[in-house]
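Take a look at the structure below.
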Amino acid sequence: MSMLLLERLRSRPEEVRDMLRRRRLDESLVDRFNELDERWRAAKRRLDEARHRHNVVSRRVPRAAPGERDALIAEAKRLNDEIRALEEEANALERAREEVLWSFPNLIHDSVPTCPEGVDSVPVRFGGPPPIVYEGHLEQFVRQTEGFGVGHTVVGRRPIGHADLLENVLKMGDTAKAGEVAGSRFYYVFDDIVWLDFALSLYALDILTRKGFRPVIPPYMLKTDVIRRVADYNTLRDAIYRVEGDDLVLIGTAEHALAAYLYRRELLEDDLPILLVGWSPCFRREAGAGSRDLKGIFRVHVFHKVEQFVFSLPEDSWRWLEEITRNTEEIIGGLGLPYRVVNLCAHDLGAASAKTYDIEIWMPAQGLYREMASCSNVLDWQSYKLGVRVTRKDMSRQYVHTLNCTGLATTRTITAILENYQREDGYVEVPKALRQYLEQFPNAPHDYISPRNVK
RNA sequence: GCCGGGGUGGCCGAGCGGCCCAAGGCGCGGGACUGGAGAUCCCGUCCCCGUCAAGGGGGCGUGGGUUCAAAUCCCACCCCCGGCGCCA
């Protein structure tokens, strides 16, 4: 829910209906809201009028003659009963109205495609080095790069999947034992993989702090009342871990904790933009993922991520979306990984997002571009619920816009490095950009990650 | 966890049952003055309903309660500061 949307609902409800249609959601939400909104406003007017009458009577009491006094108090008491009844009605309507309002997804930008069944995103551009394509994947590679003429290297041997490489060749991961003690989608990783994870975090933090982002480690848990303000809680419900005994949830992304940093804050125009780069573990139940990506560390319950977050002036947010997307491309491209940027279709957008670019890395063993980063303009959908406003130079107040963009999902990026940098002998080259973050540690990998049994 | 002190508008801060609907200051915006700036002066600056009108309602950490009337009294909870305890 956002202020922009509330205005649109009252002025041009047809556009909101159209937005819901594009998202493949129920359009009748608009009518339900408008009906409740009208009834609430009418009830509020009646309530305010009753309170006014009560105030008039009550204010006369101290100056009333003794004889008149009791009559006035009796009248005030009677009005109190009336007010109580009207309050109940107005409150119930307000709650219902609020609930419907909060269930609205964000508006959608004009540049977001509306797609036919089976299409979830539209490629925008390709970057990074030419992908390594196993000859058996050639056909699907062409399909995924159609119209862009992406240069590539065809190889006759199918690269080993990251999971197999990690556990059986490098012997630096153990998901079987993790499954036994914690459950599926958990992992133990060891040795060079640990160093790699830290190096990736430092690399991304280094680049982003140089661009003016302030590094931050946020709380890894949030109150449920707060998570409801920054996320589409109804949808995320099953994806979020709840903490037993406390009214807390584990964050699925630093985005939510970073957005909440300015909860109920009033800003001055000169305070913006506020650029944050968070590092945090992310906790996701992955309910509904079924048996997809069950092997390895691609889709897991706990992973690490560096996250860009921007609070901006409303008129600047679309420029910021491009900017932070470019930042992540620079990070991923700088690692020497082939990627593409896709524009998510309207029906695939998260409720909070008005437009999302995903950045997908080519995975040579799968023959697919897979999601590694996601960048969204949330407009005032979060800031409205959080109450993050800016007082403009002309003294008007607006809700700020928020944007988020993966800087680097380190755990998942490791899977991409393992597949893109592996050699036939099982060695995995360390991306050049990471070496300066590893060289000072004698036990960290420097040029290659060596199979455990070979070293 | 225990004891004590405290939470008021973007910020600081007065008020501690009705005398009018939160004083005053800072910051910010507009205007006057100025060749321009500064200083000074005037106006505005919490939220909601209402045609960004007239007008009305609500709001003083949160939620209850007492009262015709609560920022002001009572209860519970939350948060901050100080001391003690517990743990690392």
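As the structure is a prediction and not an experimental result, all values here were calculated from the model. Proteins come first, then strands; the chains are lettered A, B, ... in the order of their sequence lines, and each starts at number 1.
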Next on the checklist: Pick the closest RNA chain B nucleotide for A:R53 and for A:A74 by heavy atoms, then say which residue is nearer the 5' end.
Outcome noted: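 Closer to the 5' end of RNA chain B: A:R53.
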Item to check | 5' precedence on RNA chain B between A:H54 and A:E49 (nearest-nucleotide basis) | outcome: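 Whichever sits nearer the 5' end wins; that is A:E49.
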Item to check | Stem segments of RNA chain B by first residue number [Watson-Crick or G-U, under 3.5 Å, at least 3] | outcome: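 Stems for RNA chain B, defined as runs of 3 or more consecutive pairs: B:1-7 with B:78-84, B:10-12 with B:24-26, B:27-32 with B:40-45, B:46-49 with B:55-58, B:61-65 with B:73-77.
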Inter-nucleotide [atom1] distance ([N], [M]), Å rounded:
N: B:C78; M: B:G59; atom1: P; result: 24 Å
N: B:G10; M: B:A37; atom1: C1'; result: 27 Å
N: B:C48; M: B:U40; atom1: C1'; result: 38 Å
N: B:C46; M: B:U34; atom1: C1'; result: 35 Å
N: B:G17; M: B:C87; atom1: C1'; result: 46 Å
N: B:G15; M: B:G9; atom1: P; result: 16 Å

Next on the checklist: Using a heavy-atom cut-off of 4.0 Å across all strands, would you classify A:K77 as base, sugar-phosphate, or nothing?
Outcome noted: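 Sugar-phosphate only.
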Checklist entry - Does NZ or CZ of A:R412 lie under 6.0 Å from the centre of the six-membered ring of A:F298, at an angle within 45° of the ring axis? => result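 Because its charged atom sits under 6.0 Å from the ring centre and within 45° of the axis, A:R412 does stack over A:F298.
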Item to check | Cation-pi geometry met for A:K385 and A:W102 (6.0 Å, 45°) | outcome: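 Positive - A:K385 is close enough to the ring of A:W102 and near enough to its axis.
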At less than 4.0 Å, is any side-chain N or O atom of [X] found next to OP1 or OP2 of [N]? Yes or no.
X: A:N55; N: B:G56; answer: no
X: A:N80; N: B:A69; answer: yes
X: A:R265; N: B:G10; answer: no

Length of the line joining [X]:[atom1] and [N]:[atom2], which is rounded to integer Å:
X: A:L47; N: B:G58; atom1: CG; atom2: C1'; result: 9 Å
X: A:Y399; N: B:G10; atom1: OH; atom2: C1'; result: 15 Å
X: A:D270; N: B:G10; atom1: CG; atom2: P; result: 18 Å
X: A:K44; N: B:G58; atom1: NZ; atom2: P; result: 9 Å

Item to check | Between A:S317 and A:H401, a side-chain donor and acceptor under 3.5 Å | outcome: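 Side chains of A:S317 and A:H401: pair found under 3.5 Å.
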Next on the checklist: Checking side-chain polar atoms at under 3.5 Å, does A:E269 have a donor or acceptor matched by the opposite partner on A:T391?
Outcome noted: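 Not at all, the side chains of A:E269 and A:T391 share no donor-acceptor pair under 3.5 Å.
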Next on the checklist: Base contacts versus sugar-phosphate-only contacts with protein, heavy atoms under 4.0 Å: please encode nucleotides 17-30 of chain B as B, S and - from 5' to 3'.
Outcome noted: -B--B------BS-
Checklist entry - Can you name the nearest heavy-atom pair linking A:L386 to A:Y263, along with the distance? => result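 Looking at all heavy atoms of both residues, the shortest contact is O-CD1, 3.2 Å.
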Should the pair [X]-[Y] be classified as a salt bridge under the 4.0 Å nitrogen-to-oxygen rule?
X: A:E89; Y: A:K44; value: no
X: A:R23; Y: A:D348; value: no
X: A:R397; Y: A:E266; value: yes
X: A:E75; Y: A:R53; value: no

Checklist entry - Is there a side chain to side chain donor-acceptor pair (under 3.5 Å) between A:Q308 and A:T406 once you walk through the steps? => result CA-CA 6 Å; A:Q308 302 178 71; A:T406 313; over 6 Å; no
Next on the checklist: Between A:F283 and A:Y241, does the ring-ring contact (aromatic ring centres under 6.0 Å, His included) criterion hold? Intermediate values first, please.
Outcome noted: CA-CA 7 Å; A:F283 305 90; A:Y241 283 107; 7.1 Å; no
Checklist entry - Nearest to the side chain of A:R389 - B:C49, B:C47, B:G57? => result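 Closest nucleotide among those given: B:C47.
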Checklist entry - Just wondering, do A:R389 and A:Q398 contact through their side chains at under 4.5 Å, heavy atoms? => result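 Contact flag for A:Q398/A:R389 side chains = no.
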Checklist entry - So which of residues 85-99 of chain A are in contact with RNA chain B, with a heavy-atom cut-off of under 4.0 Å? => result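 Correct list: empty, so none.
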